[in-house]
Amino acid sequence: STRDSQILVIGCGIAGIGAAQKLIKHGFNNVHILEATARSGGRVRTGRLGDNIVEIGANWIHGPSKENPVFSLACNHQLLDEESMSEENQAVDIGGHPMFIPNWFSSSGRKLAPETMAPALEFYMNLLERSQEFYSTGEEPFPSVGEFLKAEVKRLTPEEWKEDRESFDLRMAMANTLLKLECCVSGTHTMDDVSLGAFGMYKTLPGLDCTFPRGYEGLTDSMLKELPKDIVLYDKQVKCVHWNYSKNGTNTEGTSFPVVIECSNGETFAADHVIITVSLGYLKKHQSTFLSPSFPPHKLHSIQRMGFGTNNKIFLEFEKPFWDEDCELIYLVWEDETHLDDVVADIKTSWIRKMTGFTVLKPTERYGHVLCGWIAGRESEYMETLSEDEVLHTVTQLLLKFTGNPTLRPRKLLRSQWFHDPYSCGSYSYVAKGCSGRDIENLAEPLPLKGSDSKPLQVLFAGEATHNSYFSTVHGALLSGWREAERLVAHYTPASGSVSSKL
Ligand code: 6YU
């Protein structure tokens, strides 16, 4: 029966697990997942800082409400607390911009009053919202989000603020702080690399972002437990996917599989269909060797041009908090940065300037006093090359400067290193300047291309970067896995309109 077709999924992140789950549910018997590492979950990764559980990768369920499949699964598996599941939480619609209660510290060691920062913060949030509107209007006054934001901030002269030069400078410095933090949200080096016209493609769902009290990995673990044992083959790094391997039915070994997968350790696996879920960063890095024959030119072009950057976390545990009890987000403002820029001049000496935001892990009863510092871009990639001690030293100096407290010292530190992770090669995707939804479609397009006379749907593509409205998220990745599984289900379902004739 067609259900006996050999299907291989490459990558055991949420997209790969989702694809396998859907295929099994529809009665496919020969499904396996090849995973390069010894673990599952991919960029969903829970770690430990002392006794605390911390998320090395994905942090929140963005928009936890009924339409969000990650939220539904998490509820079904009883992985969330009562409050996160409440109707009230689900009904909150913040349009993707959670309003964290802030504390502001400046480089002269002052704590700035939130009330004085509030108007400028509101102005900036407004600009961000406007950046998202160009997608539906089709206009694009600037090619990138960064250029638009900077131009709008610069339009405000000191007279318009009706204030003195000093507070004007402070607000410019604050805009820098926010721009750098925005790089973390988009996972990019600079907002000048993020397409303005496509910024609104990213869709948000209602619901107050929530976390997993026992760790995000509980989700991927629970999903895997429902799949046949031994469905995942670990430590299988796929080196090359050979497709159109036997155009006319048989290859030199006498088998009739159109796809053969070659692993780094020399093992090979034959298949009728392969679903590739490796990160866009991995595809970029291995673009010339991962597929044979190689990617068609338009697909390759989109792999090269689409954005995939780095966002890292630095967790810090303290004896006592230096922030207010209700504080959820700490902003650092460099008073000397009055010229708008979201990259730093000298990475080696000043990389730490890129880290301008820290979220406070809540609830305190569970975590104690733990902060998560966010740092994106090439400064973040440089940070990864330093020893943990060097990072700790630099962070300690930074906090001394901003709090004026010479005795302040984090007790423990843990940081992520997503750029140097050989199987992620960065954190997540964004629509880069010059790119559009067309590029995401190109990434997701199966091979061989339509109109070819070889066996259809040999190589399919899923993963976070292939989802046109939820890229860069766990739910986007999951939906992309389901989408490719459903493509195969439809292919083998005679009644479906999209079925191909099997001549
Ligand atoms: C979310 C969040 N979150 C923070 C950080 C990171 C990410 N995301 P995988 O890589 O998981 O799986 C592939 C597997 O393939 C993997 O196991 C590999 O080992 C394996 N593999 C690779 N090569 C192989 C080979 N050759 N052979 C065999 N196997 C191979 N998402 O929902 N909430 O809070 C965050 C965050 C630091 C790094 C996140 C978050 C992103 C998700 O983690 C990610 O999308 C999915 O886990 C990917 O799953 P996958 O299966 O596709 O790949 C307006 C505006 C617009 C801008 N965007 C704003 C959005 C905000 C996004 N925010 C994210 C923020 C955080 C904090």
Side-chain angles (χ1 to χ4, degrees), residues 8-19 33-45 55-64 68 70-71 95-97 128-129 131-132 135 145 182 184-188 191 194-195 198-204 209-211 216 219-220 232-241 261 263-264 276-283 285-286 290 307 309-313 359 372 374-376 380 416-419 421-431 461-467 469-481:
L8 290 174
V9 178
I10 305 180
C12 196
I14 189 118
I17 298 172
I33 303 177
L34 300 177
E35 166 57 45
T37 68
R39 64 175 282 276
S40 57
R43 284 170 275 169
V44 168
R45 178 168 199 156
E55 302 294 355
I56 313 288
N59 222 73
W60 295 282
I61 302 183
H62 289 308
N68 187 328
V70 168
F71 177 68
H97 303 296
L128 261 191
E129 250 163 58
S131 313
Q132 283 161 308
Y135 177 61
V145 177
E182 208 50 45
C184 299
V185 176
S186 280
T188 184
M191 291 307 287
V194 180
S195 159
F199 201 47
M201 268 180 74
Y202 178 81
K203 289 206 187 76
T204 60
D209 289 7
C210 67
T211 55
Y216 225 128
L219 176 69
T220 42
V232 190
L233 307 174
Y234 291 100
D235 299 309
K236 306 285 181 227
Q237 185 200 353
V238 174
K239 187 173 160 199
C240 182
V241 176
I261 289 180
C263 291
S264 298
I276 296 178
T277 76
V278 305
S279 77
L280 174 59
Y282 190 92
L283 284 184
K285 194 164 170 187
H286 302 273
F290 195 60
T310 304
N311 178 22
N312 275 311
K313 305 179 184 183
T359 45
C372 172
W374 298 85
I375 180 165
S380 185
S416 60
Q417 290 166 295
W418 286 105
F419 181 69
D421 179 314
Y423 302 110
S424 297
C425 313
S427 50
Y428 40 86
S429 65
Y430 60 91
V431 184
F461 295 85
E464 157 274 305
T466 69
H467 198 283
S469 43
Y470 302 134
F471 52 87
S472 77
T473 66
V474 176
H475 53 287
L478 175 61
L479 288 169
S480 75

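Indexing begins at 1, ligand by ligand and atom by atom, following the structure's order.
Across N68, T220, I14, I61, a single residue satisfies side chain to side chain contact (heavy atoms under 4.5 Å, CB included) together with V474, and that is I14. Tested against Y216 for a side chain to side chain contact (heavy atoms under 4.5 Å, CB included), the candidates V70, T211, N59, I56 yield a single pass: V70.
Residue Y423 touches ligand 1 through backbone and side chain together, judged by heavy-atom distances below 4.0 Å. Heavy atoms from both the backbone and the side chain of W60 come within less than 4.0 Å of ligand 1. At a heavy-atom cutoff of 4.0 Å, ligand 1 is contacted by the backbone of L34 but not by its side chain. By the criterion of a heavy-atom distance under 4.0 Å, the backbone of N311, and not its side chain, is placed next to ligand 1.
Every atom of ligand 1 is numbered from 1 in the order shown, and the set under 4.0 Å from a heavy atom of G42 is 11 (O), 16 (C), 17 (O). When each atom of ligand 1 is checked for a heavy atom of Q237 under 4.0 Å away, the hits are 26 (N), 27 (N). Per-residue contacts place G41 under 4.0 angstrom from the following atoms of ligand 1 (heavy atoms of the residue considered): 11 (O). Every atom of ligand 1 with a heavy atom of S186 under 4.0 Å away is listed here by number and element: 57 (C). Close contacts between ligand 1 and I10 involve ligand atoms 27 (N), 28 (C) [criterion: under 4.0 Å to a heavy atom]. Those atoms of ligand 1 that come under 4.0 Å of a heavy atom in G463, given as number and element, are 52 (O). Numbered from 1 in the order shown, with element, the atoms of ligand 1 that lie under 4.0 Å from a heavy atom of A477 read 48 (C), 49 (O), 50 (P), 52 (O). Shown in contact with K236 at under 4.0 Å from a heavy atom are these atoms of ligand 1, numbered in order with element: 27 (N), 28 (C).
In this structure, atom 51 (O) of ligand 1 lies nearest to the protein heavy atom A15 N, 3.0 Å. With hydrogens left out, the protein atom closest to atom 54 (C) of ligand 1 is Q132 NE2, 3.0 Å, a heavy atom. For atom 14 (C) of ligand 1, the closest heavy atom belonging to the protein is G11 CA, 3.6 Å. In terms of protein heavy-atom proximity, atom 20 (C) of ligand 1 is nearest to E35 OE1, 3.3 Å. Closest protein heavy atom to atom 41 (C) of ligand 1: S472 O, 3.4 Å. Nearest protein heavy-atom contact of atom 3 (N) of ligand 1 is A58 CA, 3.5 Å. Given atom 13 (C) of ligand 1, the protein heavy atom at minimum distance is T277 O, 3.6 Å. Atom 52 (O) of ligand 1 has its closest protein heavy atom at E464 N, 2.9 Å.
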Evaluate the criterion side-chain contact (heavy atoms from CB on, under 4.5 Å) for residue pair S40 and E35; output intermediate values, then yes/no. CA-CA 8 Å; S40 57; E35 166 57 45; 5.9 Å; no

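Selection from S424, G13, G57 by nearest heavy atom to atom 4 (C) of ligand 1 gives G57. Among L478, N59, V238, L233, the residue whose heavy atom lies nearest to atom 2 (C) of ligand 1 is N59. Proximity annotation for atom 59 (C) of ligand 1: of V70, V278, V474, V185, V185 comes nearest, heavy atoms only. Which of G426, G307, A36, S427 comes nearest to atom 38 (C) of ligand 1 through a heavy atom is settled by distance: it is S427.
Looking at R45 and E55, their side chains never come closer than 4.5 Å, going by heavy atoms from C-beta outward.
No close placement of the Y135 and Y202 rings is indicated, their centers lying 6.0 Å or farther apart.
Checked against a 3.5 angstrom limit, the closest N/O atoms of Y282 and ligand 1 fall inside it. Backbone and side-chain nitrogen or oxygen atoms of W374 are examined, and none is located within less than 3.5 angstrom of a nitrogen or oxygen of ligand 1.
Atom CZ of F290 is separated from atom NZ of K239 by 12.5 Å, given to the nearest 0.5 angstrom. Put simply, OG on S416 and CZ on R43 are 13.0 Å apart, with the number rounded to the nearest 0.5 Å.
Side-chain atoms of S424 do not come within 3.5 Å of backbone N or O of G426 as any donor-acceptor pair. A donor-acceptor distance shorter than 3.5 angstrom exists from the side chain of N311 to the backbone of C184, with no hydrogens or angles considered. Side-chain N or O atoms of S427 include one that pairs as donor or acceptor with a backbone N or O of G309 at under 3.5 Å. A side-chain donor-acceptor contact under 3.5 Å links S380 to the backbone of I375. K313 places a side-chain N or O within donor-acceptor distance of the main-chain N or O of G57, the cut-off being under 3.5 Å.
A side-chain donor-acceptor contact under 3.5 Å links T188 and Y430. For the 3.5 Å distance criterion, the side chains of S480 and E464 fail to qualify, holding no donor opposite an acceptor. For the residue pair E129 / S131, no side-chain donor-acceptor distance below 3.5 Å is found, with atom types taken as modelled.
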